[in-house]
Number of protein chains: 2
Amino acid sequence: MARAATRPATTPEAGDAAERMLQILSEASRLFATNGYDGTSMRDIALACGISKSLLYHHFTDKDEIFAKVTLGSTRELYHYVFDRLPEAGPAERVRRFMTATGEYFQKYRWAWIASTTAFWNDPEQRRQKERMMWRDQYEGLIRTLIQEAIDAGEFRPVDVPLTGRLILSSLNWMHRWYRPEKGMAPPQIADAYCDMIFNGLVAPR
Amino acid sequence: MARAATRPATTPEAGDAAERMLQILSEASRLFATNGYDGTSMRDIALACGISKSLLYHHFTDKDEIFAKVTLGSTRELYHYVFDRLPEAGPAERVRRFMTATGEYFQKYRWAWIASTTAFWNDPEQRRQKERMMWRDQYEGLIRTLIQEAIDAGEFRPVDVPLTGRLILSSLNWMHRWYRPEKGMAPPQIADAYCDMIFNGLVAPR
C-alpha cells in the first residue's frame, strides 16, 4: 500500500490494525476539535496519521463514519469508563470516584471529548444525536442516583438532586474550556479538588 | 423609510432609536446563537425585526458590526452589570451577589450570552477576541478578589482561589447548555441554590 511522503521509512509495514484505528480516531478527534467537521477532510486525517488516503479508506468508508465513531463513541465510553470504576464503598466516596474517573477520561481522550462536546449541539444527524443524548442521560442519571444514595445514607444534606448533579457536571464539563495540559494540576486532581470544595463547602467552620 | 410587509401598520412611525438598536441586537443575537455567524444574513436580521434592509443598514454598516456589538458588548456589559450590583457587605455576601447578578444578566440577555460564548472561541477577528478576553479576565479577576477577601476575613476556608473561581464560573457558564426558560427555577434562583451548595457543602453535619 502506498505511504504518504511524511511517514518515516522506518515504520513497520504491518502495523496492528486496532492500534491503527485508535491512532486514526485520535488524530481525527484533534482535527475535528480544532477545525470543526467542515474544516476537516479525509486528506487532512490521512496526512496527520502519516498514512495514504487509500489506507484510510480501507479502515473507514467516509469522514462521517469517523466522526460518528469519535462523537458517539466517546459519550458511550465515558459512561462505561466511569461506571466500571465505581468502588464498593459508601455513596459519597462513589460520588468522588465518579468525578475523578471523569477527570481521568477527560485527560486520556481530551480531543475526542472536545470534538464530541462541540458536536453535541450541532450534529446534523438526528438519529446519532438522539443516541448520544441517551448515553449522556445515562451518565447524568448515574450521578443523580449516587447523590440520592448519599442523601438516603445520611452522608449528604437533603439537597436538590438534579441541581446538585448539574453543579458537579458543570465543573467537569467546563474544564475543556480552560484546561491547558502543559501547566498546573492534572484533570483527575482538579476533579478531586472540586469534590473537596463541593463536599465540604467554602465557609470556614466556626 | 420603507417598512417590511410583516410589520403591523399600527407601529409608530418614529420609534425610539435606542429601543430600535436594542431590538436589532437582541434579534441578531438570537439568530447568531441559533444559526451561527455564517448562517445569519442582514436580510434574516431585518426580517426578524420586521424592518426593511435599508433601515437596518441605516443603523449598522454590516453584519460584522452587529456581531461585534453583540459579542464584545455582552462580555463587557456582564462585567459592569455584576460589578455595579455588588453590595456594601461582607465578602462572602458579595460572592453570593456576584453569582446571582450573573444569573440575572444571563436571564436578561440569554441569546447574546449564547452567541457570545460560541463566538468566544471561534471569532476570526484576533483584535476583537483579545478585547473580549480582556473583559473576561476582568470578570474572572473580580470573583478571585472577592474569594480572597472572604478568606482574609476568615469567612472562607483557605481554599485554592483560582480553582474556586473556576468552580463558581463553571456552574454559571454551563447553565446555557441545559437551562430552558419555560420550566423550573429562574437563573438567579439557580445561581443562589448553587451558591448555597458551594458555600455550605453537601456533607451532612455530624
Side-chain angles (χ1 to χ4, degrees), chain A residues 33-36 38-39 91-92 95-96 114 117-118 120-122 136 140 146-147 150-179 184-185 189-206, chain B residues 33-36 38-39 91-92 95-96 114 117-118 120-122 136 140 146-147 150-179 184-185 189-206:
Chain A
T34 315
N35 307 326
D38 291 332
V95 171
R96 179 185 296 274
I114 296 174
T117 302
T118 314
F120 200 83
W121 314 89
N122 302 319
R136 192 73 206 184
E140 185 155 8
L146 298 177
I147 294 165
I151 295 172
D152 294 344
E155 295 185 0
F156 281 178
R157 297 189 287 137
V159 284
D160 179 324
V161 174
L163 208 60
T164 305
R166 277 182 178 133
L167 175 62
I168 289 173
L169 295 189
S170 300
S171 72
L172 302 169
N173 286 335
W174 193 252
M175 205 155 30
H176 75 275
R177 284 295 180 98
W178 61 267
Y179 171 71
M185 299 159 85
Q189 291 172 276
I190 296 167
D192 199 49
Y194 278 157
C195 182
D196 172 62
M197 291 182 209
I198 296 173
F199 275 26
N200 302 310
L202 303 180
V203 172
R206 294 167 192 273
Chain B
T34 314
N35 307 327
D38 291 332
V95 171
R96 180 185 294 274
I114 296 173
T117 302
T118 314
F120 200 81
W121 314 90
N122 303 320
R136 192 71 207 187
E140 184 155 7
L146 299 177
I147 293 164
I151 295 172
D152 294 344
E155 294 184 1
F156 281 178
R157 298 189 287 137
V159 283
D160 178 325
V161 173
L163 209 60
T164 306
R166 278 181 177 133
L167 175 62
I168 288 174
L169 296 189
S170 299
S171 72
L172 302 168
N173 286 337
W174 193 251
M175 205 154 32
H176 75 274
R177 283 295 181 96
W178 61 266
Y179 172 72
M185 297 160 87
Q189 291 171 276
I190 295 167
D192 200 50
Y194 278 156
C195 183
D196 171 63
M197 290 182 210
I198 296 173
F199 276 26
N200 303 310
L202 303 180
V203 171
R206 293 168 194 272

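Below, chains carry the letters A, B, ... as their sequence lines are ordered, and counting in each starts from 1.
The choice from B/I190, B/T164, B/I147 that makes the most heavy-atom pairs within less than 4.5 Å of chain A is B/T164. In terms of non-hydrogen atom pairs under 4.5 Å with chain A, the most contact-rich of B/P158, B/S171, B/G36, B/A92 is B/S171. Among A/D160, A/I151, A/D196, the residue making the largest number of heavy-atom pairs under 4.5 Å with chain B is A/D196. Between chain A and the options B/L169, B/I168, B/I198, B/V159, heavy-atom pairs under 4.5 Å are most frequent for B/I198. Between chain A and the options B/G201, B/P205, B/P162, B/A150, heavy-atom pairs under 4.5 Å are most frequent for B/G201.
Take B/D152 and apply the side chain to side chain contact (heavy atoms under 4.5 Å, CB included) test, not counting sequence neighbours, and it matches B/Q148. Remark: B/N35 engages B/L31, B/T40 in a side chain to side chain contact (heavy atoms under 4.5 Å, CB included) (not counting sequence neighbours).
Of all non-hydrogen atoms in B/M197 and A/R157, the two that sit nearest each other are CA-NH2, 4.2 Å.
Interface residue A/M185: only side-chain heavy atoms are found under 4.5 Å from chain B.
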In sequence, state the C-alpha distance, the side-chain angles, and the governing distance for B/R166 and B/E140, and then conclude on side chain to side chain contact (heavy atoms under 4.5 Å, CB included). CA-CA 8 Å; B/R166 278 181 177 133; B/E140 184 155 7; 3.9 Å; yes

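Here the straight-line distance linking atom CD of A/E155 with atom CG of B/L202 works out to 11.5 Å at 0.5 Å rounding.
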